[in-house]
Amino acid sequence: MGRLNDLAALGQAVWLDFVDRKFLAEGGLQKMVDEDALTGVTSNPSIFEKAMGHGHAYDEELAAYDKTNPEAPTIDRYEHLAILDIQAAADTLRPVYDRLDAKDGYVSLEVSPYLANDTDGTIAEAQKLWKAVNRPNLMIKIPGTPAGVPAIAATIDAGINVNVTLLFSQSAYQAVAEAYVEGLEKRAARGEPIDRIASVASFFVSRIDSKIDDKIDAGVGGDEAKALKGKVAIANAKLAYAWYEEFIASARWQALAAKGAQVQRLLWASTGTKNPDYPDTLYLDSLIGKDTVNTVPPKTLDAYRERGTATATLNQDVAGARQVISDAERLGLDLDGVTDTLVEEGVASFSKAFDDLLGAIAAKHPAHA
């Protein structure tokens, strides 16, 4: 029983931000479930691009699919491969899902990043992927863009679990929390069950510090701002959690809780440190709290296993976090502008990874490039 198990005792789930055919086939995920109390898996276009676009682990399956579906477009070929991986991961985690009565044990699969600004397209894609994977412990990843918010409400209303991705600002997070509640309320109004519907709100961390630190290094805010380096992202996350605690105490949420609704857990994403000057477990050690998830890349997970600190830190010094955000605003670091930019960059980055992924798959069968 190591440090990762200690996180579970503090109410925080650990999910792996990685999926790969070889890793699944060789029992890597099962080992983490058994030894590290791992309870979930996330994927994204960048992860699939690395897995499918490089090496030969998928070649045999792709060749077999091409033989029976010779005219299939490249995107269908990608989905076929991705769905097999997601199903395998979901099956590995199914005992966790059953043991925890649908409170955890989830695997996430992203809608096409090309649909980030298309509400109706996102809703249709979520329903298509849900049906294709056909596992109750699937979460469909939908970006928390303005177009994504109504899609989240509609997808929850349809009884589909949702992992909201690309959240950077507190206001964007609050909008998707309310969209989750709206979807549940519509189901409840029709007398439909809401107790086994799950959602997480993926709040990104390290990228905020990268942007803010660059501004400070460029002289924004002068010498006074230097004290804020490496602090803004954690402060931002702590205030999002403080809002969550107030929200679940509200009469609106309590009415749903009385019908068995699960809270939409905050999930900390982008938790690998980008700055080598910072401890590699910084964003795990600093954001530990009840009813949260930390989705962790393999390298950071290994680092935490070796030298992480399991202490409930998320509720510590919230007043200090407010001061950090207030100082950042006063010194002209423009957190709102930074978070807006990061959403746009995140959508563009996932679209680029998707372009590369489809290009790599197409190259393996040039007739359909």
Side-chain angles (χ1 to χ4, degrees), residues 19 21 40-49 51-52 58 61-62 64-66 68-91 93-94 97 102 105-166 176 179-180 182-184 186-187 192 196-200 202 347 350-351 353-362 365 368:
V19 66
R21 176 71 49 94
V41 169
T42 46
S43 66
N44 63 46
S46 301
I47 288 170
F48 274 127
E49 193 273 325
M52 295 178 191
Y58 293 82
E61 181 63 47
L62 186 57
Y65 180 78
D66 285 348
T68 53
N69 302 271
E71 300 305 317
T74 303
I75 195 155
D76 288 1
R77 299 159 75 212
Y78 150 72
E79 283 183 4
H80 172 74
L81 297 174
I83 285 164
L84 288 174
D85 278 3
I86 295 297
Q87 287 174 327
D91 291 345
L93 284 160
R94 182 62 189 267
Y97 173 83
Y106 289 93
V107 181
S108 299
L109 176 62
E110 193 127 7
V111 297
S112 165
Y114 302 152
L115 298 170
N117 299 308
D118 179 349
T119 302
D120 292 341
T122 296
I123 294 168
E125 174 104 339
Q127 291 176 343
K128 182 186 86 169
L129 292 174
W130 175 256
K131 197 173 169 189
V133 173
N134 192 27
R135 299 292 189 274
N137 56 330
L138 172 70
M139 277 189 179
I140 300 295
K141 283 179 96 169
I142 296 175
T145 55
V149 171
I152 291 155
T155 304
I156 291 293
D157 183 14
I160 296 169
N161 309 309
V162 175
N163 175 342
V164 184
T165 187
L166 286 179
V176 304
Y180 173 59
E182 184 188 318
L184 292 177
K186 285 183 176 172
R187 283 183 68 79
E192 293 182 17
R196 295 179 75 80
I197 296 170
S199 180
V200 294
S202 296
V347 170
F350 282 165
S351 294
F354 211 53
D355 290 344
D356 292 346
L357 167 59
L358 296 181
I361 291 172
H365 193 150
H368 300 287

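The basis for the numbers below is simple: all heavy atoms, side chains too, and nothing from hydrogens, waters or symmetry mates.
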Exercise for the section: Search all heavy atoms of Gly121 against all heavy atoms of Leu115 and return the closest pair with its distance. Expected result: O-CD1, 3.6 Å
Practice task
Flag the pair Tyr114 / Asp355 as yes when at least one side-chain heavy-atom distance between them is below 4.5 Å, and no otherwise.
Solution key: yes
Problem - Trace of the side-chain hydrogen bond (donor to acceptor under 3.5 Å, both in side chains) decision for Asp76 with Tyr65 - result: CA-CA 10 Å; Asp76 288 1; Tyr65 180 78; 5.0 Å; no
Exercise for the section: Kindly say whether Asp356 contributes a backbone atom to a donor-acceptor pair with the side chain of Glu49 at under 3.5 angstrom? Expected result: no
Practice task
Could you grab the distance from atom CD1 of Ile123 to atom OG1 of Thr119, nearest 0.5 Å is fine?
Solution key: 6.5 Å
Practice task
Nearest 0.5 Å please: distance from the CG atom of Leu184 over to the OG atom of Ser199.
Solution key: 8.5 Å
Handout entry: All side chain to side chain contact (heavy atoms under 4.5 Å, CB included) counterparts of Ala198, not counting sequence neighbours
Key = Tyr106, Met139, Asn161, Gln262
Fill in the blank from the handout: All heavy atoms of Glu182 vs all of Ala153, minimum pair found to be OE2-CB, 3.9 Å
Exercise for the section: For side-chain contact (heavy atoms from CB on, under 4.5 Å), just list the numbers for Met52 and Leu62, CA-CA rounded to whole Å, side-chain angles, deciding distance to a tenth of an Å, and then say yes or no. Expected result: CA-CA 10 Å; Met52 295 178 191; Leu62 186 57; over 6 Å; no
Practice task
Determine whether Val107 and Ile86 make a side-chain contact, defined as any pair of heavy atoms from C-beta on separated by less than 4.5 Å.
Solution key: yes
Fill in the blank from the handout: When every non-hydrogen atom of Ile140 is compared with those of Ala126, the smallest separation belongs to CG2-CB, 3.8 Å
Problem - Any side-chain heavy-atom pair of Glu125 and Thr122 under 4.5 Å - result: no
Practice task
Could you list all the side-chain hydrogen bond (donor to acceptor under 3.5 Å, both in side chains) pairs where at least one residue sits in residues 126-140, not counting sequence neighbours?
Solution key: Glu79-Lys128, Asp91-Arg135
Practice task
Work out which heavy atom in Gln87 is nearest to a heavy atom in Ala132; give both atom names and the distance.
Solution key: NE2-O, 3.5 Å
Practice task
Hey, could you give me the CG/CG distance between Asn163 and Leu109, rounded to the nearest 0.5 Å?
Solution key: 10.5 Å
Exercise for the section: Please check if the side chain of Lys141 supplies one atom and the backbone of Ser43 the other of a donor-acceptor pair under 3.5 Å. Expected result: yes
Handout entry: Arg77 side, atom CZ; Ile75 side, atom CD1 - distance, nearest 0.5 Å
Key = 12.0 Å
Problem - Which atom of Ile47 lies closest to which atom of Asn44, heavy atoms considered - result: N-OD1, 2.8 Å
Completion exercise
Heavy atoms of Pro136 and Arg94 approach each other most closely as CG-NH1, 3.5 Å
Practice task
Output yes when a side-chain donor or acceptor of Thr145 lies under 3.5 Å from a complementary backbone atom of Ala116, and no otherwise.
Solution key: yes
Exercise for the section: Before accepting this row, confirm whether a basic side-chain N of the pair Arg187/Asp157 lies closer than 4.0 Å to the acidic partner's carboxylate O. Expected result: no
Problem - Any donor-acceptor N/O pair, Ser202 side chain to Val164 backbone, under 3.5 Å - result: yes
Exercise for the section: State, yes or no, whether a side-chain contact exists between Glu61 and Arg21 at a heavy-atom distance under 4.5 Å. Expected result: yes
Handout entry: Verdict with supporting geometry, Ile142 and Thr165, side-chain contact (heavy atoms from CB on, under 4.5 Å)
Key = CA-CA 6 Å; Ile142 296 175; Thr165 187; over 6 Å; no
Practice task
Would you indicate whether the side-chain heavy atoms of Glu110 and Leu129 approach each other to under 4.5 Å?
Solution key: no
Practice task
Tell me whether the centres of the aromatic rings in Phe354 and Tyr78 are closer together than 6.0 Å.
Solution key: yes
Handout entry: Rounded distance (nearest 0.5 Å) linking atom CD1 of Ile160 with atom OG1 of Thr155
Key = 5.5 Å
Handout entry: Side-chain donor/acceptor of Tyr58 to backbone N/O of Leu81, under 3.5 Å
Key = no
